[in-house]
Amino acid sequence: MRTHTCGALRSAQIGERVVLCGWVDTVRDHGGVIFIDLRDRYGLTQVIFDPNDSREAWDLAQTTRGEYVIQVEGVVEARPESMANPKLATGEIEVRGDQIRILNKSRTPPFPLTDAEADKVSDDLRLTYRYLDLRRGAMQRNLTVRHRMTQTVRQYLDDAGFTEVETPILTKSTPEGARDYLVPSRVMPGAFYALPQAPQQYKQLLMMAGVDRYFQMARCFRDEDLRADRQPEFTQIDMELSFVTPADIYEVVDGLVAAVVAACGKGTVQLPIPRLTYDDAMNRFGSDKPDLRFGMELVELSDIFSDSGFKVFRQVLDQGGVVKAVNAKGLGGIPIRIMDEWTAVAKEWGLGGLAYIRAQEDGEWKSPIVKFFSDEERQQLRERLDIAPGDLVFFAADQRPVANEALGHLRLLAGRQAGVIPADALAFTWVTDFPLFMVTDEGRLTSMHHPFTAMHPEDLDLLETNPAAMRAQAYDIVLNGVELGGGSIRIHDPAIQARVFDALQLPKDEVEDRFGHLLNALSYGAPPHGGIALGFDRFVMMMAGEQSIRDVIAFPKTQKAMDLMMNAPATVDARQLRDVHIKLDDGRE
RNA sequence: GGGGGCGUAGCUCAAUUGGUUAGAGUCCCAGACUGUCGAUCUGGUUGUUGCGGGUUCGAGUCCCGUCGCUCCCGCCA
């Protein structure tokens, strides 16, 4: 139907007779000549209709409107002197149209499809008419970025000896973890499949199958509440490798993300990607997903105040807590209103309040607490925090995890407020040596990563004595303060796996029911193995410069997990319910 | 489950302390115009103020409920 796309023509084609197809982007009717910007996903080409060329075509061109689909035939011409449009790749030329066919009309679109306007259109409209939203240049670019990244991942992992294997979507519910999406069985009344939260067990079983290096662009499903960076179904770059240590995983993933970043034209990632232990990340940045695009690190001050006359600090220290602070360089002049907001944030994260020092330009410190400090304490503070005129220092005195986490959140607010976070920087980091377990609010032990995670070999003996202190061979990869992915070395010894299930106090029969196949498989010569999964949607979002993964998923769901275009989920008819042995409890069937 | 924001013309928004006929830009429609590219000029149409109740002489505005979109906390091994 066409000889070229709307992005293809250049000066080199001047004089050629061409046929273009596309959507009418805009019509500029001058009464005499009519300009039509013809658009497809490759670009925009100006077509000019002159009544002197073909009265018939000109008449028809006059009737076109935005989003009409047309086919145009004409000759490529150089634009007249000084009429070139440098904003268009095709701006040197135009097509003098002498034939036009309206392939399809369009109703007036429910929202403008020009990018500048559409960015402000409400999400529900965009999602209801997603096929129109996706017609926009920005969305087309996002789809393209995603495709480029997918291709790069497949190519890189293929080159690295990986085999892509598909694992089932209809699988089995497992205890712990996210809420499952359930699918009723027709042939087994009362039984349900679960959609996978991740192909975790399958990929381990593939290691036992001798696949050695597996990957999959794996669709995962979690029935939990949504966020800007969380959808109920999402895609992971899922990997598992045999005979590896964490260092082998880091090497593969370092190369992978560097290749993807390069393919997106986002520069060169310095390798190796730096590594931080979990403890260091928490102590220095107050987060297990630290944003390393800027400094403002947390500074430990407990030793300075160990004998302090300032009771608030002393009491916390006497109870085994810590005193820490952040120097928010240059924020000394921050409005009180914002300090009040930050104080509220500090309280939200468990601090009693937010003590601070504003170092004024004249060198004097304004602070509600500094009068309680001795001269020596002030001097040590000045040195350790490098306090200069114009700085703002805020303190946290609490148990270490509370102080770290609260300051970590405040650090991000301070960084944004100070404008010191470079928007185009890509700061990758590994966070390693996560704790193996955490203690729930009810005092129960639970896996921080998942129950198949291997512990540090030297921590094995703590399993029955002090499990909370055990370190895992688990790691996350973080980009600009966003958790991009995580993984671990897995337990390959069935005896140790059984001890972990014991420590988690999972009932024996439940372990047998849910994990029996895995324990079995481990007992038939399972190789040491480990892996990682990267949140692909988040990665695309960051490469595309978007704020929400909805903008890099073709057909995403709303915060209530609805598909506004398809109107899913929806009721089904009574016969379908009967087939799968389900009776609704709202009176309908 | 909890907290915040938003909902007014097809779209993006405005509307003083609760006040009379709810406006603007854009889109759309009609007309004019032979070099525009955010075309321009002239004229015109467009409203269940998300929905339901309440208070009031009077509600876009206040109150209660509800629906939708969104951000965050919880949740997401």
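Residue numbers start from 1 in every chain, and the chains themselves are labelled A, B, ... in the order their sequence lines are given, proteins ahead of strands.
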(message) Without decimals, in angstroms, what is the distance between D225(A) CG and U70(B) P?
(response) 12 Å

(request) Round to a whole Å and report the spacing from CG of D25(A) to C1' of A39(B). (result) 14 Å

(request) Answer yes or no: side-chain N or O of R230(A) and base N or O of C75(B) forming a donor-acceptor pair under 3.5 Å. (result) yes

(message) Tell me the interatomic distance from F111(A), atom CZ, to A9(B), atom C1', rounded to whole angstroms.
(response) 18 Å

(request) Quick one: label L44(A) by what it contacts on the DNA or RNA (base, sugar-phosphate, nothing), any heavy atom closer than 4.0 Å. (result) nothing

(request) Respond yes when some side-chain nitrogen or oxygen of Q197(A) is under 4.0 Å from OP1 or OP2 of C76(B), and no when none is. (result) no

(message) Would you call the rings of H409(A) and W349(A) parallel, tilted or perpendicular, taking 30° and 60° as the class edges?
(response) parallel

(message) Taking atom types as they are modelled, would you say the side chain of R227(A) forms a donor-acceptor pair with the base of G74(B) within the 3.5 Å cutoff?
(response) yes

(request) Please measure how far the C1' atom in C27(B) lies from the corresponding atom in U45(B), and state the result in whole Å. (result) 12 Å

(request) Rounded to the nearest angstrom, tell me the gap between atom NE2 in H450(A) and atom C1' in C76(B). (result) 15 Å

(message) Suppose you measure atom C1' in G31(B) against the same atom in U20(B); what distance do you get, rounded to whole Å?
(response) 36 Å

(message) Using the salt bridge (Lys or Arg N to Asp or Glu O under 4.0 Å) criterion, which residues pair with D180(A)? Sequence neighbours excluded.
(response) none

(request) Provide the distance between the two P atoms, one in U21(B) and one in U61(B), to the nearest whole Å. (result) 16 Å

(request) Can you check each nucleotide of nucleotides 26-34 of chain B against protein heavy atoms at under 4.0 Å and return B for base, S for sugar-phosphate only, - for none, in 5' to 3' order? (result) -SSSS--BB

(request) Using the side-chain contact (heavy atoms from CB on, under 4.5 Å) rule, pick out the option among R222(A), R550(A), Q559(A) that qualifies with Q231(A). (result) R550(A)

(message) Could you check whether R126(A) and T128(A), counting side-chain N and O atoms only, form a donor-acceptor pair closer than 3.5 Å?
(response) no

(message) Between G74(B) and E224(A), counting only base atoms on the nucleotide and side-chain atoms on the residue, is there a donor-acceptor pair under 3.5 Å?
(response) no

(message) Can you tell me how far apart CG (L351(A)) and CG (L407(A)) are? Round to the nearest 0.5 Å.
(response) 6.5 Å

(request) Taking atom P in both U49(B) and U8(B), compute the distance separating them and give it to the nearest angstrom. (result) 11 Å

(message) Quick check for you: to the nearest 0.5 Å, what is the distance between Y68(A) atom OH and I100(A) atom CD1?
(response) 11.0 Å

(message) Any base atoms under 4.0 Å from R126(A), or only sugar-phosphate, or nothing? Heavy atoms, all strands.
(response) nothing

(request) Report the distance from atom CD of E348(A) to atom P of C73(B), rounded to the nearest whole Å. (result) 9 Å

(request) Report which part of the nucleic acid R514(A) touches: base, sugar-phosphate, or nothing (heavy-atom distance under 4.0 Å, all strands). (result) nothing

(request) Determine whether any donor atom in the side chain of N85(A) lies under 3.5 Å from an acceptor atom in the base of C37(B), or the reverse, and answer yes or no. (result) yes

(request) Considering only atom P, compute the distance from C13(B) to G1(B) and round it to an integer number of Å. (result) 29 Å

(message) Using 30° and 60° as the class boundaries, would you call the ring planes of F501(A) and F515(A) parallel, tilted or perpendicular?
(response) parallel

(request) Find the distance Q559(A):CD to G5(B):P and express it as a whole number of Å. (result) 15 Å

(message) In this structure, how many angstroms lie between the P atom of C69(B) and the CE atom of M565(A), rounded?
(response) 15 Å

(request) Please state how far atom CD in E77(A) lies from atom C1' in U36(B), giving the value in whole angstrom units. (result) 15 Å

(request) Have a look at Q231(A) and say if it touches a base, only the backbone sugar-phosphate, or nothing, with a 4.0 Å heavy-atom cut-off. (result) nothing

(request) Examine the side chains of Q236(A) and R538(A) and answer whether a donor and an acceptor come within less than 3.5 Å of each other. (result) no

(request) Select from S548(A) and G177(A) the residue whose nearest nucleotide in RNA chain B is closer to the 5' end of that strand. (result) S548(A)

Pick out the pairs of N or O atoms, protein on one side and nucleotides 65-68 of chain B on the other, that lie under 3.5 Å.
residue: G68(B); atom: OP2; partner: K560(A); partner atom: NZ; Å: 2.7

(message) With the six-membered base ring of U36(B) as reference, does the ring of F35(A) sit under 5.5 Å away with planes under 30° apart?
(response) yes

(message) When the P atoms of U17(B) and A24(B) are compared, how many Å lie between them, rounded to an integer?
(response) 22 Å

(request) For nucleotides A22(B) and G58(B), find the distance between their C1' atoms and express it as a whole number of Å. (result) 15 Å

(message) In terms of relative ring orientation, are Y129(A) and Y131(A) parallel, tilted or perpendicular, with 30° and 60° separating the classes?
(response) perpendicular

(message) Are more than 12 heavy atoms, taken from residues, nucleotides or ligands other than F192(A), located less than 6.0 Å from that residue's CZ atom?
(response) yes

(request) For nucleotides G5(B) and C64(B), find the distance between their P atoms and express it as a whole number of Å. (result) 13 Å

(message) Need one value for P80(A): base, sugar-phosphate or nothing, where a base atom within 4.0 Å counts as base even if backbone is also close, heavy atoms only.
(response) base

(request) Measure the spacing between CG of D229(A) and CD of E483(A) and express it to the nearest 0.5 Å. (result) 9.5 Å

(request) Please tell me which of the listed nucleotides, G35(B), C76(B), C11(B), lies nearest to the side chain of R222(A)? (result) C76(B)

(request) Count the heavy atoms belonging to other residues, nucleotides or ligands that lie under 6.0 Å from CD of Q505(A), then report whether that count exceeds 12. (result) no

